[in-house]
Amino acid sequence: MAEDTQDQQQTTAAPVPSQAPLPKGVVLDKDGKPCRSCSSGAAFAAWASQAKKKTVIKADTASRPAPAPPRKDCPPDVEALGRSSWTLLHSIAATYPTSPTISQQNDITSFMRLFSKLYPCWVCAEDFQAYITKEKIRAGSRDEFGNWLCEAHNEVNRKLGKPTFDCSRWQERWKDGWKDGSCD
Ligand SMILES: Cc1cc2nc3c(=O)[nH]c(=O)nc-3n(C[C@H](O)[C@H](O)[C@H](O)COP(=O)(O)OP(=O)(O)OC[C@H]3O[C@@H](n4cnc5c(N)ncnc54)[C@H](O)[C@@H]3O)c2cc1C
């Protein structure tokens, strides 16, 4: 009861106290706040619901606003961000020149380095930067870059315990559509 009284004095969303265990899968930002683009959607939602429970409206219960219905146009979690990002990256590979100039090779290499620094999920970004340092970006042709990217994606798949992708089929997946005609 004493805790209820204390809660009733709060009017705005309060962060979950640091001693409260964070739901599994919630990654913190460098400032210690939960990072939505680094966390799975379910884990972030569990944290948000925990945080909401700590929020009590000061006025009587009748004047509490109805909870907002869930919507689809929310900031991305780690999965949504990842899917969109891989789509962009593999699509760039699919339109990369078959015989790129030196300048085009430099551009894609710079782009990938900057991408790995700016990627919004910081834990993902750190691992991707380490991967790029270990496995030098290969961009001598479309197929070379597409395969390098496919291997980079597979490294993340392995880290997350997902099946790896057959890189001999990256152009079917991202450029031409499957050979059985199912994308035509
Ligand atoms: C650079 C980067 C680093 C990431 N690091 C992390 C991380 O550290 N932790 C984390 O939780 N999430 C990370 N992610 C997100 C993660 O990779 C997935 O995007 C996310 O989990 C959603 O996965 P998904 O199963 O929907 O398919 P995704 O892995 O997003 O793949 C999308 C589609 O690409 C195709 N595909 C799969 N593998 C390959 C491949 N090797 N080559 C070509 N096509 C392929 C498949 O058709 C698949 O449906 C990262 C994303 C990026 C872009």
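All ligand and atom numbering here is 1-based and tracks the order in the structure. Since this is a predicted model, take the numbers as computed values, not measurements.
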- Identify the protein heavy atom lying closest to atom 28 (P) of ligand 1, giving its residue, its atom name and the separation to 0.1 Å. H153 NE2, 3.7 Å
- Message: Give me the nearest non-hydrogen protein atom to atom 27 (O) of ligand 1 as residue plus atom name, then the distance to 0.1 Å.
- Response: R83 CG, 4.1 Å
- Item | Those atoms of ligand 1 less than 4.0 Å from some heavy atom in R173 | 33 (C), 35 (C), 46 (C), 47 (O)
- Query: Short list, please: which atoms of ligand 1 are under 4.0 Å from a heavy atom of K159?
  - Reply: 7 (C), 8 (O)
- Message: Does this structure show an ion pair linking E151 with R158, if we count only N-O contacts that are shorter than 4.0 Å?
- Response: no
- More than 12 non-hydrogen atoms from neighbouring residues, nucleotides or ligands closer than 6.0 Å to NZ on K159, yes or no? yes
- Message: At under 4.0 Å between heavy atoms, is it the side chain or the backbone of N157 that contacts ligand 1, or both, or neither?
- Response: side chain
- Query: Does a sphere of radius 6.0 Å around NZ in K134 hold more than 12 heavy atoms from other residues, nucleotides or ligands, not counting ones at 6.0 Å or beyond?
  - Reply: yes
- Task: Could you tell me the residue and atom name of the protein heavy atom closest to atom 25 (O) of ligand 1, and the distance to it rounded to 0.1 Å?
- Result: K162 NZ, 2.8 Å
- Query: Where on W170 is there a heavy atom closer than 4.0 Å to ligand 1, on the side chain, on the backbone, on both, or on neither?
  - Reply: neither
- Message: Does anything in residues 174-184 form a side-chain hydrogen bond (donor to acceptor under 3.5 Å, both in side chains)? List the pairs, not counting sequence neighbours.
- Response: D180-S182
- With a cut-off of 4.0 Å, which atoms of ligand 1 are near a heavy atom of V78? 10 (C), 11 (O), 12 (N), 15 (C)
- Message: Are W170 and H90 an aromatic pair, judged by ring center distance below 6.0 Å?
- Response: no
- Which residue and non-hydrogen atom of the protein lie closest to atom 15 (C) of ligand 1, and at what distance in Å? G82 CA, 3.7 Å
- Item | Interfacing atoms of ligand 1 (cut-off 4.0 Å, heavy-atom, S85) | 53 (C)
- Can W86 be reached from I137 by stepping across I, L, V, M, F, W or Y side chains whose heavy atoms are under 4.5 Å apart? yes
- Looking only at heavy atoms, is any part of E151 under 4.0 Å from ligand 1, and if so is it the side chain, the backbone, or both, or is it neither? neither
- Message: Which of the numbered atoms in ligand 1 are under 4.0 angstrom from any heavy atom belonging to C124?
- Response: 3 (C), 4 (C), 5 (N), 6 (C), 7 (C), 8 (O), 9 (N), 13 (C)
- Item | Protein residue, atom and distance nearest to atom 2 (C) of ligand 1, heavy-atom basis | W86 CZ2, 3.7 Å
- Message: Between the side chains of E126 and K30, is the shortest nitrogen-to-carboxylate-oxygen separation below 4.0 Å, so that they form an ion pair?
- Response: yes
- Message: Residue-level breakdown please: for C150 versus ligand 1, do any non-hydrogen atoms fall below 4.0 Å on the side chain, on the backbone, on both, or on neither?
- Response: both
- Using a 4.0 Å heavy-atom cut-off, say whether V156 meets ligand 1 through its side chain, its backbone, both or neither. side chain
- Atoms of ligand 1, numbered as shown, that sit under 4.0 Å from any heavy atom of L160: 9 (N), 10 (C), 11 (O), 12 (N), 16 (C), 21 (O)
- Query: Which of these, F128, F165, W174, has its nearest heavy atom closest to atom 1 (C) of ligand 1?
  - Reply: F128
- Query: Yes or no on side chain to side chain contact (heavy atoms under 4.5 Å, CB included) for R142 and Q171, after CA distance, side-chain angles and deciding distance?
  - Reply: CA-CA 10 Å; R142 174 183 298 161; Q171 297 219 27; 4.1 Å; yes
- If every non-hydrogen atom of N157 is compared with every non-hydrogen atom of F165, which pair is closest and at what distance? ND2-N, 4.3 Å
- Would you say Y96's side chain and D143's backbone share a donor-acceptor pair under 3.5 angstrom? no
- Query: So do C121 and C35 have their SG atoms closer than 2.5 Å?
  - Reply: no
